[in-house]
Amino acid sequence: MLTIHNTLTGQKDPFEPLVPGTVRMYVCGVTVYDECHIGHARSALVFDVIRNYFGYIGYAVTFVKNFTDVDDKIINRASQEGRSWLAVVDQYLRAYERDMGRLGIRPADIEPKATEHIPDIIKLIERLLTKGHAYRLNGDVYYQVATYPAYGRLSKRKAEDLLAGARVEVDERKRNPMDFALWKSSKPGEPAWDSPWGPGRPGWHIECSAMSMHHLGETFDIHGGGMDLIFPHHENEIAQSCAATDKEFARYWVHNGFVQINQEKMSKSLGNFFTIREIFEKSEWPEEITGEALRYFLLTTHYRSPLDFSDQGLREAKYALDGFYGLFNRLKETAKTEGPVNEKLTTVIERTRFAFGQAMDDDFNTPAAVAELQGLRSEVNKLLEAGLSTKAREQARQSFRKLGSVMGLFQLEKWRFNVELSDIGVSGLTDVEIESKVKERNEARQRKNFARADAIRTELAEKGITIEDRPDGTTRWKR
RNA sequence: GGCGCCGUACCCAAGUGGCUAAGGGAGCAGUCUGCAAAACUGCGAUGCGGCGGUUCGAACCCGCCCGGCGCCUCCA
């Protein structure tokens with residue numbers, strides 16, 4: 001039985017979908033005004049894995065992730081850089097897709113943009129106005145928080161607490177300081193759409209209500225995002241949506257924890273800010289390896305816990321993956337002998353599959369699930385020592401791929417064993433050149449000229465190439 | 001001021017009432033090897049920030065304290 005920590009109830013709730021066999025989930029994506037950082041990567045990855053896991057246990061998933069493509073931050077950026085807001089949106093939308101692609105994060109089934117849903121947004125605002133939950137102020141429209149008594153139920157806040165801590169100057173015209181904009185009138189030169197209240201653009205919160213309802217219905221299963229969205233964004237979404245429909249909005253609210261640097265939240269002002277792009281540019285490994293290492297690293301912390309990003313952590317993730325891919329490569333080799341342990345393999349795989357499911361059923365406990373995969377690696381290594389048939393080796397490989405696919409791991413065919421130009425850049429040698437050196441070294445070894453053999457090995461090691469001699473006299477190498 | 005989170009070995013990190021406190025990385029010792037590498041085997045917290053309490057029994061529940069962090073403003 002899958003249980004999910006639900007921010008709304010503050011506890012782990014058993015998951016029961018609204019419609020049996022299907023899951024409808026909506027996740028707040030990004031505002032496309034800048035490069036994505038590791039925090040965005042974590043959030044996107046967490047929900048990618050959740051979506052995959054639902055698929056793995058047999059649900060038909062509809063996954064919606066939005067892009068906020070009209071917003072103050074976009075407009076400000078555009079005016080600072082003296083270009084159109086559309087150009088800003090286009091640039092960072094592409095950057096997002098590039099980064100997510102590198103991380104192996106699949107696009108959502110539907111990726112709506114706020115600007116594509118202006119009519120839905122206007123209709124929803126009109127509905128709120130009609131029901132008395134919103135009011136007009138010149139060309140603006142505000143949501144009236146006082147008309148929704150349950151306001152604060154997601155973030156567990158009381159109205160008076162919010163006022164006490166208010167750190168912003170309050171717009172004097174608002175009826176209540178907590179009221180928030182549904183529609184903002186535009187100044188000349190700003191993006192604008194016609195509306196019953198004059199030209200303007202949607203406020204931030206309303207787009208998610210409109211888009212999720214449009215694509216998933218007025219009530220759906222899961223709504224997710226980063227913890228910082230709990231208040232005010234998701235609180236406001238609930239207020240708007242429930243007030244408009246008189247129905248429950250999302251049933252399970254899932255929020256991921258922050259990425260920190262040295263125990264502090266990343267922020268531009270602290271200067272401890274890492275973009276996904278920088279990590280890939282700085283990495284000495286090929287792109288797909290960096291992507292998988294980052295993925296592995298992020299998944300070895302539970303999604304709700306804070307995660308401290310570090311180069312060391314990333315490196316350790318890479319080393320752990322080296323161990324897995326080293327095993328996969330040995331499993332690919334043809335068996336010399338048929339061992340007696342093939343039945344044990346099936347048992348071990350079954351046990352792992354069960355434990356893996358148990359871990360993931362427990363609020364998507366990816367660190368525990370990864371630990372099961374590590375356990376399987378260790379078991380298969382032992383069985384391989386004792387001897388596994390070619391067929392059993394293939395069975396083991398397929399099991400890793402199947403379980404790994406939930407997390408987007410173990411899907412690469414090659415791991416540092418490829419002939420790609422990027423690798424040549426690192427080692428300075430082509431495969432053919434390496435093969436030739438290895439051959440020369442083995443001839444030296446046969447002549448017992450170990451000094452020469454070791455010299456070649458050292459030379460290769462300096463270029464990042466590791467040698468493994470096998471018992472049968474052949475040599476395996478890897479970059 | 002309000003709300004909330006975290007503190008488990010050298011590092012990362014599961015476990016949240018009951019078998020000997022998962023797993024990985026690093027380290028040390030050994031097997032294998034010409035030597036390595038990889039793999040395998042063994043070693044490693046009598047203790048889970050501290051002090052009390054509840055309980056037959058607590059890292060897990062309760063209280064207080066210490067340390068760190070987040071939200072309350074745009075933010076994944």
Side-chain angles (χ1 to χ4, degrees), chain A residues 7 10 12 27-31 33-34 36-47 68 71-73 76 152 155-158 160-169 178 204 224-233 235 255-260 262-268 296-297 300-308 310 312-324 326-327 329-330 355 359 362 365-378 380-382 384-386 445 448-451 453-454 457-458 461 466-471 475-478:
Chain A
T7 309
K12 282 185 200 173
V27 170
C28 291
V30 294
T31 301
Y33 77 106
D34 205 348
C36 290
H37 57 245
I38 315 165
H40 295 110
R42 184 183 194 194
S43 186
L45 178 58
V46 161
F47 292 103
T68 298
D71 176 89
D72 290 349
K73 294 191 290 292
N76 291 342
S155 55
K156 318 275 186 282
R157 285 160 216 263
K158 300 187 200 86
E160 50 269 35
D161 297 342
L162 291 167
L163 289 178
R167 280 186 272 158
V168 270
E169 284 193 32
M178 287 187 298
W204 176 37
M227 300 212 84
D228 51 344
L229 297 182
I230 294 171
F231 190 90
H233 186 53
E235 194 69 72
H255 294 100
N256 65 274
F258 282 112
V259 175
Q260 312 179 332
N262 298 324
Q263 338 289 347
E264 281 181 323
K265 178 180 172 175
M266 288 193 301
S267 78
K268 286 180 179 172
Y296 188 99
F297 170 69
T300 46
T301 297
H302 185 87
Y303 77 90
R304 284 192 288 116
S305 303
L307 180 155
D308 215 55
S310 67
Q312 192 197 340
L314 189 58
R315 216 176 306 120
E316 287 181 3
K318 158 72 166 54
Y319 293 155
L321 284 167
D322 282 341
F324 279 105
L327 172 60
N329 279 301
R330 272 174 276 126
D362 181 15
N365 191 337
T366 54
V370 168
E372 293 304 330
L373 296 173
Q374 289 169 335
L376 182 62
R377 180 186 76 174
S378 173
V380 172
N381 262 325
K382 285 176 208 168
L384 193 58
E385 289 262 302
R445 286 172 69 214
K448 305 277 184 208
N449 184 354
F450 296 121
D454 290 351
R457 183 168 60 199
T458 306
T466 313
I467 296 283
E468 282 178 38
D469 295 326
R470 282 181 285 195
T475 295
R476 181 194 282 136
W477 61 269
K478 57 185 183 181

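Sequence lines set the chain letters: A, B, ... in the order given, protein chains first and strands last, and positions in each chain run from 1. Treat the numbers as computed from the prediction; the structure is a model and nothing was measured.
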Please report the distance, rounded to the nearest Å, between [atom1] in [X] and [atom2] in [N].
X: A:Glu235; N: B:C3; atom1: CD; atom2: C1'; value: 12 Å
X: A:Lys12; N: B:C60; atom1: NZ; atom2: P; value: 16 Å
X: A:His233; N: B:A76; atom1: NE2; atom2: P; value: 10 Å
X: A:Tyr303; N: B:G70; atom1: OH; atom2: C1'; value: 17 Å
X: A:Phe258; N: B:C5; atom1: CZ; atom2: P; value: 15 Å
X: A:Phe297; N: B:G25; atom1: CZ; atom2: C1'; value: 13 Å
X: A:Met227; N: B:C3; atom1: CE; atom2: P; value: 17 Å
X: A:Tyr319; N: B:G23; atom1: OH; atom2: C1'; value: 19 Å

With rounding to whole Å, what would you report as the distance between [N] and [M] at their [atom1] atoms?
N: B:C51; M: B:G4; atom1: C1'; value: 24 Å
N: B:A9; M: B:A22; atom1: C1'; value: 13 Å
N: B:C66; M: B:G50; atom1: P; value: 15 Å
N: B:U16; M: B:C62; atom1: C1'; value: 14 Å
N: B:G49; M: B:G7; atom1: P; value: 8 Å
N: B:A26; M: B:C19; atom1: C1'; value: 30 Å
N: B:A37; M: B:C28; atom1: P; value: 11 Å
N: B:G53; M: B:C60; atom1: P; value: 14 Å

Using a heavy-atom cut-off of under 4.0 Å over every strand shown, decide if [X] touches base, sugar-phosphate, or nothing.
X: A:Asp71; value: nothing
X: A:Arg470; value: nothing
X: A:Gly226; value: sugar-phosphate
X: A:Leu229; value: sugar-phosphate
X: A:Gly326; value: nothing
X: A:His37; value: base
X: A:Glu372; value: nothing
X: A:Ser378; value: sugar-phosphate
X: A:Val370; value: nothing
X: A:Gly257; value: base
X: A:Arg457; value: base

Quick check with a 6.0 Å cut-off and a 45 degree axis cone: is A:Arg445 positioned over the face of A:Phe450's six-membered ring?
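Geometry flag: not set, cation outside 6.0 Å or 45°.
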Between [X] and [Y], is any pair of side-chain heavy atoms under 4.5 Å apart?
X: A:Arg476; Y: A:Asp469; answer: no
X: A:Lys318; Y: A:Asp322; answer: yes
X: A:Leu384; Y: A:Arg330; answer: yes
X: A:Ser305; Y: A:His302; answer: yes
X: A:Thr7; Y: A:Ile230; answer: yes
X: A:Thr475; Y: A:Ile467; answer: yes
X: A:Asp228; Y: A:Phe258; answer: yes

Report the nucleotide, chosen from [options], that has the shortest atom-to-atom distance to any side-chain atom of [X].
X: A:Ala368; options: B:A14, B:C35, B:G15; result: B:A14
X: A:Ser43; options: B:A14, B:A76, B:C72; result: B:A76
X: A:Asp228; options: B:A76, B:A14, B:A36; result: B:A76
X: A:Glu468; options: B:C72, B:C11, B:A38; result: B:A38
X: A:Pro367; options: B:C69, B:A39, B:A14; result: B:A14
X: A:Glu316; options: B:C12, B:C74, B:C35; result: B:C12
X: A:Asn381; options: B:A76, B:A38, B:A39; result: B:A39

Does [N] have OP1 or OP2 sitting under 4.0 Å from an N or O in the side chain of [X]?
X: A:Thr466; N: B:A37; result: no
X: A:Asn365; N: B:G15; result: yes
X: A:Arg377; N: B:C40; result: no
X: A:Lys156; N: B:G2; result: no

Open item on the list: Any donor-acceptor pair, under 3.5 Å, between the side chain of A:Asp469 and the base of B:C35, if you only look at N and O atoms?
Closed with: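 Such a pair exists between side chain and base.
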- Taking for each residue the nucleotide of RNA chain B with the nearest heavy atom, is it A:Ala371 or A:Arg330 whose nucleotide lies nearer the 5' end?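 Upstream on the strand: A:Ala371.
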Should [N] form a Watson-Crick or G-U wobble pair with both distances under 3.5 Å, which nucleotide is its partner?
N: B:G34; value: none
N: B:C5; value: B:G68
N: B:U16; value: none
N: B:A59; value: none
N: B:G27; value: B:C43

- Message: Is it the case that the side chains of A:Thr31 and A:Asp71 hold a donor-acceptor pair, with the cut-off being a distance below 3.5 Å and no angle test?
- Response: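 Side chains of A:Asp71 and A:Thr31: no pair found under 3.5 Å.
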